[in-house]
Amino acid sequence: MRTTRIAAAIGALALALTVTACGGDDSEGGSSGNASFAAGSTMEKLNKAQKIRVGTKFDQPGFGLKGLSGKPEGFDVEIAKLVAKALDIPEDKIEYQETPSTVREQVLQQDKVDIVVATYTINDKRKAVIDFAGPYYIAGQSILVKADDASITGPDSFKDGTKKVCSVTNSTPATNIEKYLGDKTKQLVLFDIYQKCVDALKGGQVDAVTTDNVILAGFVATNEGAFKLAGQTFTEEPYGIGLKKGDAAFKTFINDTLEKAFQDGAYKKAWDDTAGKNDTSELKIPTIDRS
Ligand code: GLU
């Protein structure tokens, strides 16, 4: 009888120790693994859950492309992995959700994902409803045409009102190109994802695709000899990591994580291993906007 009671007491003590080791004391913040995060913070919540939901693209070579592995691969995916690592969440606990351009704000507002890393330009319209960490890259809008097309040399080539250009709904390039179009209703074709635009260009339904230079460079690289970029970039597209509006501590945490990666080489390696293979211009490390 006595032995049973002692055994029960030892068991209870062991359980208490285990709980303390895993969860910590909630009033002081807690953690799983080696990191420790402020009580009640998004960082603590994600770390304790050992899971992060990431919205990204599944059709953009070099940034987020879902291939045979079943998981998306690319620069945005690598950036998401850096954030997960800083939260002490293993890579295989990242839950990727395909997030086309038009739903990016929505999935954050509806708490369907924790972050969006998806060639996502920081701008005031979007900042009215969500927050951005970053920028972690500065792209610029460009134009993709068939390799043998000499008739389109830049956005001004659309002013005559005849040539058709494809982009994606609620993307910045779809808006930016409008002022160059002689006849918007006839010339602008919109899909939900860029791969559909590339298919339309291949099939001759459109004459060009417009979006960020580095996205287009991915399509040039994966369709050997079929396409080329026409002209120079004509906008600036600073890529940010989208997060729910008002979570200042999480934004600071992601910005700190990016800055550390800028300095310790992890950022450059992520670029060189992915989109940097398609765009060989010198990688310029951006300045984080803490405002
Ligand atoms: N960076 C632009 C944007 O955020 C175009 C790329 C995209 O649609 O993901 O709208």
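Order of appearance sets the numbers: ligands from 1, and atoms from 1 within every ligand.
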If you measure from the Lys or Arg side-chain nitrogens to the Asp or Glu carboxylate oxygens, is any gap between D114 and R53 under 4.0 Å? yes

For E259, enumerate each residue passing the salt bridge (Lys or Arg N to Asp or Glu O under 4.0 Å) test, keeping only those at least two apart in sequence or located in another chain. R290

Using heavy atoms and a strict 4.0 Å limit, residues surrounding ligand 1 turn out to be K57, S101, R104, A118, T119, Y120, T121, R126, S171, T172, P173, Y194, T211, D212, I215, Y239

Should the pair F63 and F75 be assigned to parallel (<30°), tilted (30 to 60°) or perpendicular (>60°) ring geometry? perpendicular

Could you list all the disulfide bond (SG atoms under 2.5 Å apart) pairs where at least one residue sits in residues 159-246, not counting sequence neighbours? C166-C197

Does Q232 CD have over 12 foreign heavy atoms under 6.0 Å away? no

Quick one: list whatever passes side chain to side chain contact (heavy atoms under 4.5 Å, CB included) with A139, sequence neighbours left out. Y137, D212, N213, V214, E237, Y239

